[in-house]
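Inspection log for the structure reproduced underneath, given as structure tokens.
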Amino acid sequence: MDKLNRKDYLLIQKEKGNVIFGVFPAQYPREILWAMNVVPAEIWDPPIDISAANAHLQSYICSVVRRGLELVLQGKCDFLDGFIFPHTCDSIQNMASVINDYIGQTKPCYFFYHPKAPYWQSAHQYYLAQLKDLATKLENDLGPLEDGALRQAIEDSNQIAQVVGKMYERRAKGRLGGQSKEFYNTLRKGEYLLPQDFIPLIERYLRDNRLDSAKQGIPVVLSGVLPNPVELLDNLDQLGVWVAHDDLLNASRRWLAPEMDTSIDPFEVLTSKYFNMPPCTTRGAGIKERAKFLLRLIEETGSKGIIFNIVKFCETEWFDVPNLQNLLKKHGIPSLVLDAEINQGLSGQMATRVEAFIEMIQ
Amino acid sequence: MTMPITATIRYHFMKDIGAPFLMRLQKSRRKRRPYKPSPYLGPPLKCASRLREIMTRHYFLSRYATKAKPIAWVSSGAPVELLRVFDFYTIYPENHGALCGAQKMGPEICQEAEKQGYHPDLCSYARIDLGHAFSSKTPVGSLPKPDLLFCSNNICQTILYWFKELSHYWQIPLILFDTPYNFQDIRQVDIQYMVAQLEEMIPKLEVISGKRFSPKRFEQIITIAKDSSRLWGKVLATLKARPAPMTIFDAFIHLAPIVSLRGLPVARQYYEILLHELEDRVRKGIAAVKEEKKRLMWDNIAIWFKLRDWSLLFAEHGCNFVAATYTNAWAETIHYLDPASPFESIAKVYSLVILNNNLRHRLNIMRQMIKDYQIDGLVIHSDRSCKPYSVGQYDIKRLLAEELGIKTVVIEADMTDSRAYSEEQTHTRLEAFFEALGAI
């Protein structure tokens with residue numbers, strides 16, 4: 001199943017009677033969806049040309065939002081049964097409203113607001129209430145949410161966190177072969193595969209790419225939203241650099257979840273998960289907390305530097321960069337900042353900057 | 001937090017004696033430029049000098065507030081009424097940013113932030129604020145360093161990212177009033193969350209300010225804030241008159257007290273005077289634009305560095321801006337404010353504002369304003385710095401044109417950073433707009 005392309009996979013799931021929802025970035029309780037036979041198909045960076053979205057969005061809006069809206073406008077989401085919009089940033093927030101309120105789109109839309117840090121006790125209670133509210137709305141449209149199904153989904157999620165955790169751990173120790181591109185291609189299949197298909201895929205990847213001796217090369221940490229453009233990963237591979245860990249919104253910030261206690265109330269479990277995920281800009285994490293996290297990644301992997309690969313116009317990420325760079329510098333950690341469009345390759349200038357950075361840290 | 005007695009005495013001396021004396025001195029020394037009547041604009045508002053005095057005094061006194069009062073930097077949409085109970089001296093970085101923009105200092109101060117690595121694509125209010133923190137550059141002399149940062153994400157998420165930077169830079173606490181965005185109707189669970197946050201803030205504010213919370217004082221402040229906002233609403237409503245007694249460009253300026261001094265008696269007093277003057281102008285038929293042929297609405301934050309030029313440009317074409325979604329934001333939800341139920345009503349007032357509400361709500365408000373203010377045309381400022389205000393504007397333009405046949409122009413610019421503004425392109429667009437309106 002995992003060898004099918006995304007669209008074919010989703011269509012097969014639909015034939016099986018599952019419901020398919022398009023889910024915009026970034027943080028949402030996928031366990032509730034799985035438990036209700038909903039396949040979340042995440043929409044991050046569809047490889048399409050932007051044309052129709054230009055009539056709705058200004059040129060200073062990031063390409064994640066522009067591509068997401070373009071996908072809807074081009075009718076490529078017509079086979080979906082609905083949409084979920086987490087509250088990630090100002091642009092996604094308004095794009096959600098454009099889709100729901102302005103363009104005559106009739107599929108059901110669900111919204112998920114997650115509290116922003118600094119958190120107090122009320123944030124925990126609110127998140128719990130938000131989970132229950134989402135579940136109730138889905139139940140109204142799709143039928144009851146069984147407690148057993150939700151517990152099973154949490155177990156599946158635990159298992160995913162475990163195998164993905166192993167991917168990251170082996171990579172961090174240099175015991176995972178293959179290219180960075182393959183690592184992220186595999187991981188990103190989790191954006192639409194159900195656990196029963198995603199877990200074996202990761203297990204196979206781990207088996208196929210096991211290294212008995214430590215990898216040679218220069219380890220670095222990658223921070224930002226997405227592991228794009230792919231050409232950046234290729235470029236790093238060619239320069240003998242391997243991404244030893246990441247702080248990507250699309251990757252570790254969502255997949256490296258703490259193990260959840262399945263014996264207590266499932267909604268409480270999911271609440272606890274949200275507040276124990278790696279620090280993330282979209283949840284309002286503090287700068288010190290983020291710097292501490294990055295320093296831990298550097299220390300654990302022996303990385304020589306950090307590449308902040310930030311999507312153009314992403315205010316959520318851009319604000320923290322100067323302070324993070326300064327704090328890292330104080331610890332002797334060099335960093336490089338790239339201002340990238342997600343699917344537009346690596347310009348000659350960017351490639352030169354990457355090369356110069358690698359020369360400096362090796 | 002304990003306040004040294006000398007700082008307190010100095011503050012009160014300046015407040016009661018020094019500032020009034022200096023204001024009088026400044027007034028007497030100010031060279032009165034002879035009033036030259038404009039062929040297009042009506043006489044200026046008399047109370048503009050009172051406004052200047054209030055705001056100058058506010059920024060002047062802030063220099064003496066350090067150590068005499070707890071100082072908070074506050075976002076425009078944060079429930080400042082709660083801070084007033086603890087006697088915080090409040091500074092509004094957005095108001096300061098607007099001032100810098102109007103004084104055409106935006107690019108210079110933004111560059112101070114850019115030198116420290118802040119990307120030029122980031123919000124220019126934020127860059128001005130950070131640039132000021134790094135360089136102390138400001139048109140108001142100086143701003144006091146805050147003891148607290150207080151913001152609400154009801155206007156944008158950017159405010160949280162920006163205040164987080166300040167909090168880190170100064171190593172001072174940040175309090176966020178997290179207002180869930182209303183994708184659909186507000187729910188009881190959202191209100192409960194916001195009420196709980198307000199309650200959780202109180203002990204923290206007590207520690208920072210060294211003062212105890214007083215429910216009675218809170219009720220009084222809420223009453224003042226409610227009165228001021230209602231007066232502001234009435235001020236704006238005078239623009240329904242034909243001809244309108246002031247322009248939205250005036251309102252952008254006279255907005256300062258409702259943003260920066262909300263909850264203080266001075267704001268209420270000021271709007272009483274302003275309302276009185278405007279009602280008088282309506283009675284006497286004094287127009288802000290002498291030949292008000294077309295009535296316009298503005299969408300988004302002002303382009304501060306073009307305020308004066310555009311005031312003349314539009315007046316020359318017989319166009320007057322009589323409504324704006326932006327100025328309306330400090331009046332539209334005030335009816336929810338209830339001193340008898342302070343926490344719950346504050347939650348509603350602050351979370352139901354235009355920018356924290358879905359775009360269907362915004363369209364409804366604009367439809368209503370177009371009707372109430374007899375609008376002929378709409379100018380949309382697509383503000384590079386403000387994504388929650390700007391994303392959706394192209395659809396608003398389309399939908400209002402389809403439904404009401406309203407003529408609209410979109411101006412791509414920035415509220416304070418003139419580097420993101422093209423005079424030539426804008427003029428070409430405006431000329432076409434005037435032509436379509438029949439205002440040439």
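Just so we're on the same page: letters track the sequence lines, and every chain starts at 1.
Considering OG of A/Ser97 and OH of B/Tyr181, their distance stands at 4.5 Å, rounded to 0.5 Å.
Within the 4.5 angstrom heavy-atom criterion, atoms from both the backbone and the side chain of A/Val98 approach chain B. Only the backbone of A/Ala285 comes within less than 4.5 Å of a heavy atom of chain B; no side-chain atom from C-beta onward does. Using a 4.5 Å cut-off between heavy atoms, B/Asn357 makes no contact with chain A at all. If you measure heavy-atom distances from B/Glu200 to chain A, the contacts under 4.5 Å come from both the backbone and the side chain. For B/Asn153, the part lying under 4.5 angstrom from a heavy atom of chain A is the side chain only.
Evaluation of the side-chain hydrogen bond (donor to acceptor under 3.5 Å, both in side chains) rule for A/Trp318 yields no partner, not counting sequence neighbours.
A 4.5 Å side-chain heavy-atom check between B/Gln171 and A/Lys288 finds at least one atom pair inside the cut-off. Inter-residue side-chain proximity for A/Asn94 and B/Arg362 is flagged as met; some heavy-atom pair is nearer than 4.5 Å. Side chains of A/Gln130 and B/Arg187 form a contact here, defined as non-hydrogen atoms less than 4.5 Å apart.
Shown here is A/Asn140, whose CG atom has more than 12 heavy atoms of other residues, nucleotides or ligands within 6.0 Å. Remark: B/Gln425 CD is loosely packed, at most 12 non-hydrogen atoms of other residues, nucleotides or ligands lying under 6.0 Å away. For A/Gln121, the CD atom counts as densely surrounded, since its 6.0 Å shell holds more than 12 non-hydrogen atoms of other residues, nucleotides or ligands. Residue-environment remark: NZ (B/Lys204) exceeds the threshold of 12 foreign heavy atoms within 6.0 Å.
When each of B/Gly117, B/Pro388, B/Cys156 is checked for heavy-atom pairs under 4.5 Å with chain A, B/Pro388 comes out on top. Between chain A and the options B/Asp121, B/Leu160, B/Val391, B/Leu359, the largest number of non-hydrogen pairs under 4.5 Å is found for B/Leu359. Comparing B/Leu174, B/Leu363, B/Leu130 by how many heavy-atom pairs each has under 4.5 Å with chain A, the most go to B/Leu363. Comparing B/Ala126, B/Ser390, B/Ala196 by heavy-atom pairs within less than 4.5 Å of chain A, the highest count is held by B/Ser390.
With no hydrogens or angles considered, a side-chain donor-acceptor pair links A/Tyr113 and B/Asp178 at under 3.5 Å. Side-chain contact of A/Thr316 with B/Tyr161: a donor-acceptor pair under 3.5 Å is present, judged by distance alone.
Interface with chain B: from residues 58-70 of chain A, residues A/Gln58, A/Tyr60, A/Ile61 qualify, criterion being any non-hydrogen pair under 4.5 Å.
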Where do A/Asn54 and B/Tyr394 land on the side-chain contact (heavy atoms from CB on, under 4.5 Å) test, with the steps shown first?
CA-CA 9 Å; A/Asn54 290 332; B/Tyr394 291 0; over 6 Å; no
Working note: B/Tyr118 + A/Asn323, criterion side-chain contact (heavy atoms from CB on, under 4.5 Å); need CA distance, chi angles, decisive distance, verdict.
CA-CA 9 Å; B/Tyr118 289 91; A/Asn323 272 322; 3.3 Å; yes
Set out, in order, the CA-CA distance, both residues' side-chain angles and the distance that settles side-chain contact (heavy atoms from CB on, under 4.5 Å) for A/Glu315 and B/Cys123, then state yes or no.
CA-CA 8 Å; A/Glu315 286 206 328; B/Cys123 162; 3.7 Å; yes
Please evaluate residues A/Phe319 and B/His119 with respect to the criterion side-chain contact (heavy atoms from CB on, under 4.5 Å), reporting the C-alpha separation (whole Å), side-chain torsions for both, the decisive distance (0.1 Å), and the verdict.
CA-CA 8 Å; A/Phe319 263 101; B/His119 201 288; over 6 Å; no
Before giving the answer on side-chain hydrogen bond (donor to acceptor under 3.5 Å, both in side chains), spell out for A/Tyr126 and B/Asp190 the whole-Å C-alpha distance, their side-chain angles and the decisive distance to 0.1 Å.
CA-CA 8 Å; A/Tyr126 182 68; B/Asp190 300 322; 2.6 Å; yes
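A salt bridge between A/Asp101 and B/Arg360 is present, with a side-chain N of the basic residue lying under 4.0 Å from a carboxylate O of the acidic one.
A donor-acceptor pair under 3.5 Å is absent between the side-chain atoms of B/Gln157 and the main chain of A/Thr88, judged by distance alone. Checked by atom type and distance alone, the side chain of B/Arg398 never pairs as donor or acceptor with a backbone atom of A/Ala55 at under 3.5 Å.
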